[in-house]
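Shown next, in structure tokens, is the structure this report addresses.
Positions are given from 1 along the sequence.
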Amino acid sequence: MDRDELILQEYKLYAEQKENFIDRNFRTNRFYMVSFVVLIFAMIYTGNVVFMERLSATLVFSLIGVAVCALWWMNVDSYNILIKIKFANVIEAIEEKLPVKPFTDEFKGIQEFRENKVFMFSDIQKFIAVIGALFFFAVFVSEASPIVIAVVNKVIDILGMAKGGI
């Protein structure tokens, strides 16, 4: 196998790895979207379920929702960095040794498109993750507020009894 054939085989292998990585990215995003929807339905259908004294299922699911949205944001960001830097840079470096440069040309086209558009798909995913996190956080605060107020009132009562007993 001569040097040019070896470079072409490496190029094919790396391009295939990039596509597999992008497919995994889509599957990961689908997982987060399904988790997001399942958590909303879980909050709706378990809204009246209360554990212990005041710990509700909605409180628990909203906290989990905030965590899922934060992880979703980080995953989108991580995949974007890996796809843009790791794969694009390596493929472009290999393309320098080839007569045509399809990924380099594609990347230039995407950059030109991005300059004319406000949102890309990953930006929309991040936006949904942020809106979801804010929604789940708002639900969490509304569910946690009565618990916090009850604890504060209990502490005030205990301090009042301790102060009055002296």
**Study point:** E143 and S56: side chain donor to acceptor below 3.5 Å
**Key:**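 There is such a pair between these side chains.
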Review point. If we ignore angles and hydrogens, is there a donor and acceptor under 3.5 Å between the side chains of D157 and N153?
Key: no
Review point. When M74 is tested against each of D77, L71, V76 for side chain to side chain contact (heavy atoms under 4.5 Å, CB included), which residue passes?
Key: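 Single side chain to side chain contact (heavy atoms under 4.5 Å, CB included) partner of M74 among D77, L71, V76: L71.
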Do [X] and [Y] share a hydrophobic cluster (ILVMFWY, side-chain heavy atoms under 4.5 Å, transitive)?
{"X": "Y45", "Y": "V34", "result": "no"}
{"X": "F31", "Y": "V68", "result": "yes"}
{"X": "V130", "Y": "I64", "result": "yes"}
{"X": "F135", "Y": "V141", "result": "yes"}
{"X": "I44", "Y": "V37", "result": "yes"}

Check your understanding: Would Y79 and R24 satisfy side chain to side chain contact (heavy atoms under 4.5 Å, CB included), going step by step from the backbone distance to the final call?
Key -> CA-CA 9 Å; Y79 273 107; R24 188 172 27 166; 3.6 Å; yes
Review point. Do the non-hydrogen side-chain atoms of L59 and L63 ever get within less than 4.5 Å of each other?
Key: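 Of all side-chain heavy-atom pairs linking L63 with L59, none is under 4.5 Å.
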Exercise for review: Would you check if F61 and V139 make a side-chain contact, meaning some heavy-atom pair closer than 4.5 Å?
Suggested key: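 The answer is no, as the side chains (C-beta and beyond) never meet within the 4.5 Å cut-off.
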Check your understanding: CZ of F140 to CE of M43: how many Å apart, nearest 0.5 Å?
Key -> 12.0 Å
Exercise for review: Supply the atom-to-atom distance Y32 OH to L39 CG, rounded to the nearest 0.5 angstrom.
Suggested key: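 Atom-to-atom, Y32:OH and L39:CG are 12.0 Å apart.
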Practice item. Give the C-alpha distance, both sets of side-chain angles, the deciding distance and a yes or no for side chain to side chain contact (heavy atoms under 4.5 Å, CB included) between W72 and K126. Key: CA-CA 8 Å; W72 188 9; K126 287 181 176 182; over 6 Å; no
Practice item. Check the angle between the aromatic planes of F36 and F136 and answer parallel, tilted or perpendicular using the 30° and 60° thresholds. Key: perpendicular
Point to revise | Nearest heavy atoms of V66 and F137, plus distance in Å | key: CG2-N, 3.4 Å
Practice item. Identify the heavy atoms of G132 and C69 that sit nearest to each other, and give their distance. Key: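 Of all heavy-atom pairs spanning G132 and C69, the closest is C-SG, 3.6 Å.
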Check your understanding: Donor-acceptor pair, N29 side chain versus N25 backbone, under 3.5 Å?
Key -> yes
